[in-house]
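Because the structure is predicted, anything quoted here is derived from the model rather than measured.
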Amino acid sequence: MGNGDFMYPSSSDRQCVTHRVAIPPPQPFFMSFKNSLKETFFPDDPLRQFKNKTPSRRFILGLQYFLPILEWAPRYSFQFLKSDLVAGITIASLAIPQGISYAKLANLPPILGLYSSFIPPLVYAMMGSSRDLAVGTVAVASLLTASMLGQEVNAAQNPTLFLHLAFTATFFAGILQASLGLLRLGFIVDFLSHATIVGFMAGAATVVILQQLKGILGLDHFTHSTDIISVLHSVFSQIHQWRWESGVLGVGFLFFLLVTRYFSKRRPKFFWISAMAPLTSVILGSLLVYLTHAEKHGVQVIGNLKKGLNPLSFGDLVFTKPYITTSLKTGIITGIIALAEGIAVGRSFAMFKHYHIDGNKEMVAIGTMNIVGSCFSCYLTTGPFSRSAVNFNAGCKTAMSNVIMAIAVMLTLLFLTPLFYYTPLVVLSAIIISAMLGLIDYEAAIHLWNVDKFDFLVCIGAYAGVVFASVEVGLVIAVAISVVRLLLFVARPRTSVLGNLPDSTIYRNVEQYPNANHVHGVLILEIDAPIYFANSSYLRERYYHFTLNIKINSRKKLSDS
């Protein structure tokens, strides 16, 4: 230990400037440990706003921290209300048909899609920090719920138990999400890299689209497996049971939905056309079935939807063996996936509007709304991209747009549910397929191939695992490849030799800058990872390798001269 002298050439290459740097005194163990914990779990220093405040002010700030509505509601204006009113009604027109569709995808009663678009948005409006996130059910979580719970209970044979397990899985998902936020463990979600999410979402979208062939073709019996081979076998082994009426309706409405989405993309000012298209499809499909009596000719319809608001379901939660294990596993996996999607969507739109959202607070908000939702007949909800994009484009100003949407859904539950009796299931299948096509982001996959081949491998691994095995297997494969890459990055970090650029104090990689000069008597290495036991031997080998190469190159230069 002691002082260190460092010399580097000046711009004249004739003089040397010497800086004497003192070695800092060692920090006490507990001080160093405290700083490490603070950097890991509290990098944003959330308690700084409470310093030097009176107890009453601290209490108010604490309430505002957990209930952001108390912060922005006093400043709420009539101009904000007009914008949020338009946005809320617009996303309600999308939430109602999507909610019914995704509930059917989860093998749950269609009315649960409406229940889940009523209570959770109200909770999020009070606790969420995003102005643009529109809360609702999502297709991937619905598919995971159906496939994972379906391994334990058959939804057709025992629908009541399946429904109760869905509530229990939602409860566990909410507990996990809120706990991650309260314990400041949100960085765990970051293990789902962008490449992982792109591949997983595309694979899940492909599986969901294939599952909708049951509704498009009007099939009564269908496989419970999600892999592509089982689904295609189930489809083509029942060719004699295909119903052309359902096929024509499905293709027609799917074409209508895709055309409206394409038009809205080309003309962003007309975003409301694609947002209204699903509800328009439901209305037109219901009228068509009612006027032609198509339900008597093989076109399946929703049937009766129960009127009234969400019934209590806290007493329906199942905490007994062997079902609690399945519910816990389903809740953990669906909870993490929903959390990753919700936070990613919230951060994306916050970046567009130049404001900040706290990831840990978002986890607490999303977790709380799922805990409360599971007690009021709701299944897993988060912030889906499609609904949030409509909310953003509609000009929402605050989370009040979620309240407006919830009020619209409440009125639907109270008065309008009988109107959905004749809604054909094939229209719901077309709505799901249209939404899922937007999740297959092939442009992102091409970008990964051009930028990082290993990330592309992670993406393809996730996609192939979901499509050819199952959603759970695909997720495990993607996370495993990501973790292996992380370990390789730490244990085998990229190491390069730096040299001094002529007439400057800048040092660059000598392989990328051939004119960079080695500093005589000094080997300068750039290591793209911290140095510790896992990579110490590797770095020692790299040091000897670089030293030997420099000596050989120096000898060659001397012999050439």
Side-chain angles (χ1 to χ4, degrees), residues 1-8 19-46 179-181 183-197 336 340 359-360 363 448 451-459 461-462 475-500 505-513 516 518-519 521-551:
M1 302 291 290
N3 295 334
D5 291 334
F6 176 66
M7 303 174 65
Y8 63 89
H19 287 281
R20 195 170 188 81
V21 182
I23 301 298
Q27 284 188 337
F29 170 75
F30 288 104
M31 180 65 71
S32 177
F33 184 68
K34 176 185 175 182
N35 291 336
S36 297
L37 286 179
K38 183 177 180 181
E39 181 66 25
T40 302
F41 296 105
F42 301 96
D44 54 344
D45 192 12
S179 300
L180 289 176
L183 299 175
R184 316 289 292 182
L185 296 176
F187 61 86
I188 294 177
V189 180
D190 293 335
F191 277 95
L192 292 175
S193 64
H194 175 67
T196 302
I197 293 176
I336 291 177
N360 289 296
M363 292 178 188
L448 289 173
V451 173
D452 192 324
K453 301 297 189 293
F454 201 102
D455 267 353
F456 179 78
L457 177 63
V458 172
C459 178
L475 182 61
V476 170
I477 290 174
V479 173
I481 295 176
S482 297
V483 171
V484 168
R485 186 191 182 185
L486 178 64
L487 294 176
L488 288 175
F489 179 79
V490 173
R492 295 291 185 269
R494 184 180 302 169
T495 309
S496 55
V497 178
L498 302 185
N500 176 242
T505 57
I506 300 173
Y507 293 82
R508 291 291 182 266
N509 188 340
V510 295
E511 293 183 359
Q512 297 176 347
Y513 294 83
H518 292 285
V519 179
V522 180
L523 176 62
I524 305 175
L525 297 180
E526 182 181 32
I527 303 169
D528 292 346
I531 301 175
Y532 69 118
F533 70 94
N535 56 26
S536 58
S537 297
Y538 170 77
L539 293 175
R540 189 180 297 111
E541 294 173 3
R542 297 295 292 166
Y543 165 74
Y544 289 134
H545 171 73
F546 287 133
T547 304
L548 182 61
N549 283 346
I550 290 174
K551 289 180 179 179

To the closest 0.5 Å, what do you measure between CG (L539) and CD1 (I527)? 4.5 Å
Heavy-atom nearest pair, A462 first then T196, reads CB-O, 4.0 Å
Correct closest heavy-atom pair for A529 and F489 would be CB-O, 4.0 Å
Minimal non-hydrogen separation, R508 against A516, with atom names: O-CB, 4.3 Å
CG (N509) and CG (L498) are apart, to the nearest 0.5 Å, by 6.5 Å
Considering all heavy atoms, the nearest V490-N535 contact: O-ND2, 2.9 Å
Heavy-atom count check: over 12 atoms from other residues, nucleotides or ligands less than 6.0 Å from F454 CZ? yes
Heavy atoms of other groups near Y538 OH, more than 12 under 6.0 Å: yes
If you measure from NZ on K453 to CG on L448, what distance do you get to the nearest 0.5 Å? 10.5 Å
Would you list the pairs meeting salt bridge (charged side-chain N to carboxylate O under 4.0 Å, His left out) in which at least one residue belongs to residues 528-550, sequence neighbours left out? none
Heavy-atom distance under 4.5 Å between the side chains of T547 and Y543, does that happen here? yes
Nearest heavy-atom approach of N360 to L185 is OD1-N, 4.0 Å
Name the one of V510, N500, V497, V519 that satisfies side-chain contact (heavy atoms from CB on, under 4.5 Å) with I524? V519
Tell me, please, which residues at least two apart from R485 pass salt bridge (charged side-chain N to carboxylate O under 4.0 Å, His left out). D452, D455
